[in-house]
2 protein chains.
Amino acid sequence: MDLYRLYFQQFKEKVPLTIEEQEQIQSYLTLKKISKKQYFLQEGEVCKSYAFVEKGSLRKYSIETGNEHIIQFAIEGWTVGDLLSFLSEEPATYHIDTLEDSELILMSKSAHDELLSIQPKYETYFRLLITGAYIALQRRHSFTLSLPVEQRYTDFVEKYPEIVKRVPQHMIASYLGLTPETLSRVRKRLAKGK
Amino acid sequence: MDLYRLYFQQFKEKVPLTIEEQEQIQSYLTLKKISKKQYFLQEGEVCKSYAFVEKGSLRKYSIETGNEHIIQFAIEGWTVGDLLSFLSEEPATYHIDTLEDSELILMSKSAHDELLSIQPKYETYFRLLITGAYIALQRRHSFTLSLPVEQRYTDFVEKYPEIVKRVPQHMIASYLGLTPETLSRVRKRLAKGK
DNA sequence: CCCATCCATTGATCTAAATCAAGAAAAGCC
DNA sequence: GGCTTTTCTTGATTTAGATCAATGGATGGG
């Protein structure tokens, strides 16, 4: 059985690899299983590894003045970590924990650095990964500033139906920058209007 | 006189270059002067070039339901463009125009693609450019969701004093997701509290 | 230098969402 | 299966910011 199947499926969609190259990159990866509600990263720690989700789900969030604000969800096929902390080896500003029992594929900072310097295809993969994340975040931020709440929620549901199924509603409210009560009322209004 | 001084200064902070490499890359760049209040890019067009600001200032914004929402300012040393449109050659979703007479250094899509394939240092530069932009945007988005307006404004002033000097206040309000009236009142409150 | 446009401020309302509070439903655990 | 915890909903109230409206000041083009 191939534990790295999903990782390389996504990698190869971005950058084709020969068998040898795949084996080379695979030798830098490690597997980690984490059970539900465990921290992958806590604010203040250095983010020593970047994680690809092979199975399960996680959330990345910050805590400001006592309130949690979810920045990102990560389910199968997504990549998650505190990028600034990972690259600079400074303390993380985000928390990351699991929402379900999960299996992660980890790339450590030293492995990352070494692969960048010896395997150009890894650099290309990483560039495309970050580029995609940046474009998506810009769209999201733009929507947050300009679209009414209803539209932001329906957009989210349409784009991430799988997350809606698996994640409690109050966390989706947090992701959208709303209170749970407001999201509940928004859903009610949408149900009526339909 | 070296018109590309600032561009290569920033490039070399990320990736050192030999004279020959610099000349190679320079041969792919073109200069463009645009006077104040002119479009660099309009929504619906394809973003054919990415721009580095050697002189002047620009804004990138979207229009949703009649309202302008400024996504980004770009002054000397910043890079601006519609990344999704540039990379995919699909119609742009943002407008970009100048706030002052400006001088831009342009990298066309074909030049970009060619440099990516022949000059690894350009790929590294571009990767680091996008990575930095992504980290900054994530911070900004996180602040938008979690910090009170006062703090968002003081944070902006502290981080971009030059932009505050050169850009009308109502545009800063737009960038922060506020109406001009609200920003005016926020500033008044801050002045009192001091 | 004058006029027009743009810009910032202030005041009076209005409204969407937060907050406070309570209870019902669902899920998880021993 | 019953108990606890989590989650979602609904209602009443408050509040931050939007909207509407008006004025004075600054800027810039001709």
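Per chain, numbering begins at 1; letters A, B, ... match sequence-line order. These numbers were taken from a predicted model, which means no experiment stands behind them.
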Review point. Do B/Asp97 and B/Lys37 sit within salt-bridge range, that is, some charged N less than 4.0 Å from a carboxylate O?
Key: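 No, this pair does not count.
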[X] [atom1] to [N] [atom2], straight-line distance once rounded to whole Å:
X        : N      : atom1 : atom2 : value
A/Leu147 : C/dA16 : CG    : P     : 16 Å
A/Leu99  : D/dT6  : CG    : P     : 14 Å
B/Glu181 : C/dT10 : CD    : P     : 12 Å
B/Lys165 : C/dC7  : NZ    : P     : 20 Å
B/Arg189 : D/dT15 : CZ    : P     : 14 Å
A/Arg187 : D/dT9  : CZ    : P     : 5 Å

Review point. NA contact type, B/Leu178, heavy-atom cut-off 4.0 Å: base, sugar-phosphate, or nothing?
Key: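 Counting heavy atoms under 4.0 Å across all strands, the contact made by B/Leu178 is with sugar-phosphate only.
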Exercise for review: Using a heavy-atom cut-off of under 4.0 Å over every strand shown, decide if B/Lys37 touches base, sugar-phosphate, or nothing.
Suggested key: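 Since no nucleic acid heavy atom lies under 4.0 Å of B/Lys37, the category is nothing.
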Presence of [X] side-chain N/O under 4.0 Å of [N] phosphate oxygens OP1/OP2:
X        : N      : answer
A/Lys36  : C/dG28 : yes
A/Thr182 : C/dA17 : no
A/Lys188 : D/dT9  : no

Review point. Which class fits the ring pair A/Phe86 and A/His112: parallel under 30°, tilted 30 to 60°, perpendicular over 60°?
Key: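 Ring orientation of A/Phe86 relative to A/His112: perpendicular.
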Review point. In terms of side-chain heavy atoms of B/Thr179, which of C/dA18, D/dT19, D/dG11 is nearest?
Key: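 Among C/dA18, D/dT19, D/dG11, the one nearest the side chain of B/Thr179 is D/dT19.
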